[in-house]
Amino acid sequence: LSRADTLLRAGCYDCLLVAYREYDALRQVPPISAAATRGAFRSAALLDIRERELGLAEGDYLDKARGLAEGPLVDIVNVVGALRIGPGGPRAPRTDDQVDAMLQLTRNRAQWTAALRIAAPDDELRAYVWVLMGCDSLAALSMNVDDVLNATGALRDLPVVAFAYATACVRGNADRLKALLDRDPRFGEINYLLGLAALGRRPYPDVDGADEHFRGAYGWRTAWPALSLSTGNLALVTEDFPRAFEFFDRTLALAPGEPDAIMGRIRALTYLGRYEEALAATDSLLADGRYVGEARYWRAFNDNHLGRYDEAWLEIELAQMTFLNANVHKLAGLILFRRRQVDAAVTRLTQGIALNPSDCETKHYLQTALADRGQWAETATAASAAAACFDDAEVALRLEIASLRTSNAAPERVARMAARREQEIGTNDRMRAASWFNAAVSTFNLGRRSEARELAGKVAADEQFGDRARALLLRLQ
């Protein structure tokens, strides 16, 4: 029993797991049955909290705690069940049960917080739950985080309470987390939290540090939906799309229907050029009514790539009802142009530029649509703006490549991300040449001959537009 108590105070997930098993076995020993039952209750409740804090594959520890609760313990297990916790902080409810728990917490917050503050020094579970409640975003408005910890009395120095404080009150403090891990390497779960802290580092996230910590956490537990989801998202950000797809699939194997994993899988499939599979992947989101606007946007995106412009237009119209941003306007404008609805395309592309003036691709599509309408003055202005935008983009991309190649990032990541930027520069170069040529033609048609000569000269040696640019220059002699 003493060994189980020590493990519970140590506070690591594996410690709590062994403590629960010890307590549960000792409940059969009459002289210590009552103490063992209280220990089993506390460790089961803490295991439930920890699984939700980490986004682990959840067991049935809350049910076990409810089965052990009697008298005053019933109140604390109700608080535990209502806590809105997740790897990144308070978790938004997604099921009816979670909504009910959130409403219960909202109704009883003041009463529970006051009672917990008084009971915080009594035992490890009440101290832990008090810290989570005291540092909740609403409670923290009227309470200093140090006061929260001090209210736990002599329990404040226990590792189990220190973990609660590190994850709820000073979330993202890598030094405090690392000190806990150095103090007790059994805290394997802290690697995951260190990975999240690395991604949240300012001014720049530590991507390689996050990857290293996530790999360490994966060595501790593989059946971990939040970790595999975070690994997939990290792979997506670092443009390792096959790895992203793999980890989103792993997440869905552990947590079927997880909407963030489905959305990540859709994006990974799209970037891998697997457009039909990406379309099919949106069905479950639409069926469950989750991320409907984004799901419609990605359906339109993939339909557009497959040349299904009518289907793409229907999807993008539905998407904009609940999901409207610069990219939606951009895609809508491109689809309209390809459906030969040029006037409407100009309107949507203009709206997209207003929301995101730095999107060179949208500016390119706009000048193309204006040229198609023969609006030469507007085309000259828009085409010159698009080409200049691509000039700036190339400078920025080459700086990114140089930064990657002089960084300490993993060589394979440097090679992959640099290659994608080189590819983007090549694609942009084609759109920039088209923009300069349209600017030259527009100014020629406006009678601005010297300006047309200068602009045509920019693409006179271009592989695609060179012949036409040189022909234009001959007419200008």
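Note that the numbering runs from 1 along the sequence shown for the chain. Since this is a predicted model, take the numbers as computed values, not measurements.
Judged purely by distance below 3.5 Å, without hydrogens or angles, the side chains of Arg299 and Thr282 pair a donor atom with an acceptor atom. Counting only N and O atoms by type, the side chains of Glu294 and Trp298 include no donor and acceptor under 3.5 Å apart.
Annotation: the span from Glu277 atom CD to Asn302 atom CG amounts to 10.5 Å, rounded to 0.5 Å. In this structure, CG on Asp429 lies 10.0 Å from CZ on Phe390, to the nearest 0.5 angstrom. One distance of note links CD of Glu378 with OG of Ser442; it measures 9.5 Å at 0.5 Å rounding.
In this structure a side-chain-to-backbone donor-acceptor pair under 3.5 Å is missing from Lys178 to Ile190. Between the side chain of Arg243 and the main chain of Thr231, no donor-acceptor pair closer than 3.5 Å is present. Without hydrogens or angle criteria, Thr362 side chain to Lys330 main chain gives no donor-acceptor distance under 3.5 Å. Between the Arg202 side chain and the Gly200 main chain, a donor and an acceptor come within less than 3.5 Å of each other. The backbone N or O of Leu83 sits less than 3.5 Å from a side-chain atom of Arg52, completing a donor-acceptor pair.
Cation-pi geometry between Arg475 and Phe444 is not met at under 6.0 angstrom from the ring centre and within 45 degrees of the axis. Figure legend: cation-pi geometry between Arg274 and Phe245, with NZ or CZ positioned under 6.0 Å from the six-membered ring centre and within 45° of its axis.
When the options Tyr218, Phe214, Tyr192, Phe247 are evaluated for a ring pair (Phe, Tyr, Trp, His ring centres under 6.0 Å) with Trp224, the one that passes is Tyr192.
Heavy atoms from other residues, nucleotides or ligands lying under 6.0 Å from CZ of Arg339 number more than 12.
Residues satisfying the ring pair (Phe, Tyr, Trp, His ring centres under 6.0 Å) criterion with Phe187, sequence neighbours excluded, are Phe163.
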